[in-house]
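Hydrogens, waters and symmetry mates play no part in the numbers below; they use all other heavy atoms, side chains included. Quick note on labels: first sequence line is chain A, next is B, and so on, each numbered from 1.
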Amino acid sequence: MNWLEGYRSRELCEALMSEIRQLAAQPLRFMEVCGGHTMAIRKFGIPSLLPETISLLSGPGCPVCVTGRAFIDQAIYLSGLEETVVCTFGDLIRVRGTDASLEKARAEGKQIRIVFSSLDAVELAKKNPEKKIVFLGVGFETTAPGTAAAILKANREGVKNFSVLSAHKLMPPAMEGIISEGIPIDGYICPGHVSTITGTKMYHPIVENFGIGCVVSGFEPLDLLQSILMLVKQVVKRKPKVEIQYSRAVKPEGNPEAQKIMREVFEPADEWWRGLGVLSYSGLKPNRKYREFDTREVFELPDFREIEPNGCLCGEILKGLKTPHQCVLFGKACTPSNPVGACMVSSEGACQTWYTYEGKN
Amino acid sequence: MCLSIPAEVLAMQGDEAEVSVNGNRLKISLMVLKNVKPGDFVLIHSGFAIEIINRDEAEKTLEIARLMKADKI
């Protein structure tokens, strides 16, 4: 299976660009809410292929970027407790808490392990019954089913020393939060792999309540240009709707098995988002039936406050209000090798993608 | 973080599968995806198969762009 040649074909992309240029006479602002899109858009130089009338904004689509410092502080606190091991995806390891990152805490001897899958954390728990294994559940609807599956497996196999510190987040409340803050956008480039799980039903209220079109996009240049063209056509025809461009991986109904597992294990919870604050029911935590796997029920956790570093514009950048180049720290005090803000840590963060593909000036 | 990569399913046992990612063999979980069979291409995310890639739809997407290009000539 290799369609890459087609999805990166100059000729096919030029045909799409030509159509976009013909139709996009008025200024249009489209926002992507997926870190994978943020990276692909910069990597493939998509903005340079579009007419000046079209602006592409990065929204709160990178889970690492929107996760608060207090969550990292909690994880570091747990990793310092006796017989406790914190397991995390590698994405999170360099994000700073108030005083340190997980990487720094690990270097100082705290028990922090990087895992490939949530199931690796369950295996670690089985092999080390004397330890308490805490898995950091970070990510949107794409990642949450894997965490739910790990809890189901632990429950089924009687693994009592495994729990999840959940910062899982749901996309629609953040998309509505952006609109509610009055940030002007003409369409959403909707996340591809979140939609693989959820399907497209959750986007209909955005169209119906706010009149903003939603196109679920793939990650290749042709995907992104085709999605932008679909949004342009919706605006020109004044008919916002939900469409799927990424049909090879997204069905309107999504992945029913993954949804079933999520519903079985989780319930909605309020969550804090960088830039947006606390959004009602925008997160997921283990429900009453699985509370013994909720780290917050198992451990007594101190309160940590959300304190953002001086000068960091991550919150504004995640709402599309500022670009990384407008931050005084960007490329100077804040670089990929020494990140201050979370958007510079993740390879999918707006700041790191700008730094990598647009240059630091 | 929602990065997902395509992989070919080589073999299955229970709710696990052995897949090939560009020739590299990996063990992944099928706990959140049903109706997978050997030979399918699936999207892998954090150790889980999350969807079977629809080859017909992949072709259709390209065909739309090809038709647009033909229309321009």
Side-chain angles (χ1 to χ4, degrees), chain A residues 1 3 6-7 9 11-16 18-19 34-36 39 61-64 89 91-92 115-120 138-143 145-146 148-149 152-153 191-194 196-197 218-219 222-223 225-226 229 245-251 255-258 261-262 346 348, chain B residues 1-10 13-36 38-73:
Chain A
M1 184 188 72
W3 294 293
Y7 282 97
S9 154
E11 289 76 23
L12 295 183
C13 287
E14 278 176 351
L16 292 164
S18 161
E19 185 86 359
C34 168
M39 186 165 76
C62 156
V64 172
F89 292 134
D91 310 48
L92 209 59
V115 291
F116 168 65
S117 161
S118 53
L119 297 178
D120 295 344
V138 172
F140 296 132
E141 291 92 333
T142 323
T143 317
L152 282 181
K153 188 177 167 75
H193 297 135
V194 161
T196 296
I197 301 294
F219 298 84
L222 182 136
D223 290 323
L225 289 169
Q226 208 169 51
L229 177 59
Q245 182 279 331
Y246 193 30
S247 56
R248 61 191 182 278
V250 177
K251 300 192 291 262
N255 174 343
E257 186 64 19
I261 287 176
M262 279 168 73
S346 170
E348 297 180 349
Chain B
M1 186 173 210
C2 295
L3 178 73
S4 304
I5 52 170
E8 184 179 9
V9 177
L10 302 174
Q13 190 169 22
D15 57 12
E16 281 192 349
E18 187 181 15
V19 299
S20 167
V21 181
N22 289 330
N24 297 308
R25 292 185 173 211
L26 289 178
K27 277 239 160 58
I28 54 114
S29 171
L30 299 174
M31 279 183 79
V32 305
L33 184 65
K34 293 291 174 211
N35 303 321
V36 180
D40 282 343
F41 280 84
V42 291
L43 279 174
I44 307 293
H45 173 74
S46 67
F48 292 84
I50 59 166
E51 188 54 279
I52 301 166
I53 297 172
N54 186 322
R55 298 172 195 221
D56 293 340
E57 288 294 333
E59 261 308 316
K60 265 189 221 167
T61 304
L62 282 177
E63 194 52 31
I64 291 166
R66 285 191 197 111
L67 287 173
M68 195 168 282
K69 177 176 169 264
D71 200 35
K72 298 276 168 206
I73 295 169

Student: Report which part of E14(A) has an atom under 4.5 Å of a heavy atom belonging to chain B: side chain, backbone, both, or neither.
Tutor: neither
Student: Taking side chain as C-beta onward, heavy atoms only, is S46(B) less than 4.5 Å from F89(A)?
Tutor: yes
Student: Below 4.5 Å, heavy-atom pairs only: which of A58(B), S29(B), G47(B) has the largest tally toward chain A?
Tutor: A58(B)
Student: Rounded to the nearest 0.5 Å, what's the gap from CD1 on I50(B) to CD1 on I197(A)? Could you check?
Tutor: 4.5 Å
Student: Do S247(A) and T61(B) have side-chain heavy atoms sitting under 4.5 Å apart?
Tutor: yes
Student: Going by heavy atoms in the side chains, are L3(B) and E348(A) under 4.5 Å from each other?
Tutor: yes
Student: So which heavy atom on M31(B) is nearest to which on L119(A), and how close?
Tutor: SD-CD2, 4.4 Å
Student: Quick one: does N255(A)'s side chain have a donor or acceptor within less than 3.5 Å of a partner on E51(B)'s backbone?
Tutor: no
Student: Mind listing the closest non-hydrogen atom pair of L43(B) and A249(A) along with its distance?
Tutor: CD1-CB, 3.5 Å
Student: Got a second to check how far K69(B)'s NZ is from E11(A)'s CD, nearest 0.5 Å?
Tutor: 6.0 Å
Student: Name the region of D15(B), side chain, backbone, both or neither, that has any atom closer than 4.5 Å to a heavy atom of chain A.
Tutor: side chain
Student: Considering only heavy atoms, which portion of V138(A) lies under 4.5 Å from any heavy atom of chain B: side chain, backbone, both, or neither?
Tutor: both
Student: Under the salt bridge (charged side-chain N to carboxylate O under 4.0 Å, His left out) test, which residues partner E63(B), sequence neighbours left out?
Tutor: R66(B)
Student: Check each atom of Q226(A) against the heavy atoms of chain B and say whether the ones under 4.5 Å are side chain, backbone, both or neither.
Tutor: side chain
Student: Where does L16(A) contact chain B at under 4.5 Å (heavy atoms): side chain, backbone, both or neither?
Tutor: both
Student: Could you report the tightest heavy-atom contact between A65(B) and L222(A), atom names first, then the distance?
Tutor: CB-CD1, 3.6 Å
Student: If you compare all heavy atoms of F48(B) against all heavy atoms of A149(A), which two are closest, and at what distance to 0.1 Å?
Tutor: CE2-CB, 3.7 Å
Student: Quick one, M68(B) and E19(A) - any side-chain contact, counting heavy atoms below 4.5 Å?
Tutor: yes
Student: Which atoms of L92(A) are under 4.5 Å from chain B, going by heavy atoms: the side chain, the backbone, both sets, or neither?
Tutor: neither
